[in-house]
Amino acid sequence: YQMNFFTVEFMGTVRVDLSVTSGKTGTVLLSRTYQGHYNEKSMGGLEETWERVMNTALANMMEDVRADVQLVRALKAL
């Protein structure tokens, strides 16, 4: 007896283009693109897996935003 199983690979990417602009002068103080990725192989639970993959990709992107020292400087300059 042989059972064959299949897996589905979910690949999630989220991206945001962010610009910090001075309200007084209109000068762009910082322009950045942040991305987060996450891949997961699963044998089932398609809806829940997809949500988890996208949420993890978003969390990975937000970690890059949080760790960007130049973004903090630009926000302080406002």
Just grab all the salt bridge (charged side-chain N to carboxylate O under 4.0 Å, His left out) pairs involving residues 53-66, residues at least two apart or on different chains.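 Salt bridge (charged side-chain N to carboxylate O under 4.0 Å, His left out) check on residues 53-66 returns Glu63-Arg66.
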Going by heavy atoms in the side chains, are Tyr38 and Asn60 under 4.5 Å from each other?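 Yes; the side chains approach each other to less than 4.5 Å.
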For [X] versus [Y], what's the shortest heavy-atom pair and its separation?
X	Y	result
Ser42	Thr49	OG-OG1, 3.4 Å
Ala57	Gly12	CB-O, 3.7 Å
His37	Thr13	ND1-OG1, 3.0 Å

Return the [atom1] to [atom2] distance between [X] and [Y], rounded to the nearest 0.5 Å.
X	Y	atom1	atom2	value
Glu51	Thr56	CD	OG1	10.0 Å
Met61	Thr33	CE	OG1	11.0 Å
Glu40	Glu9	CD	CD	10.0 Å

Between Tyr34 and Asp68, do the side chains contain an N or O donor and an N or O acceptor separated by less than 3.5 Å?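 Asp68 and Tyr34 do have a side-chain donor-acceptor pair below 3.5 Å.
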Show the atom names and distances, to 0.1 Å, of all donor-acceptor pairs under 3.5 Å that link a side chain in residues 69-78 to residues at least two apart or in another chain.
residue, atom, partner, partner atom, Å
Gln70, OE1, Arg32, NH1, 3.4
Gln70, OE1, Arg32, NH2, 2.2

For Leu29, does its backbone N or O pair with a side-chain atom of Thr27 as donor and acceptor, under 3.5 Å?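 Checking the backbone N and O of Leu29 against the side chain of Thr27, no donor-acceptor pair under 3.5 Å is found.
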With the 4.5 Å side-chain cut-off for hydrophobic clustering, are Met62 and Val53 part of the same group?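 Looking at the clustering, Val53 is in the same group as Met62.
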For residues Leu30 and Leu18: do they belong to one hydrophobic cluster (side chain heavy atoms under 4.5 Å, members Ile, Leu, Val, Met, Phe, Trp, Tyr)?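 Same hydrophobic cluster.
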For atom CD of Gln35, is the number of surrounding heavy atoms from other residues, nucleotides or ligands below 6.0 Å larger than 12?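 Enclosed: over 12 neighbouring heavy atoms sit under 6.0 Å from CD of Gln35.
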Would you sort out whether Val8 and Lys41 count as a side chain to side chain contact (heavy atoms under 4.5 Å, CB included), showing the intermediate values? CA-CA 6 Å; Val8 177; Lys41 289 183 181 179; over 6 Å; no
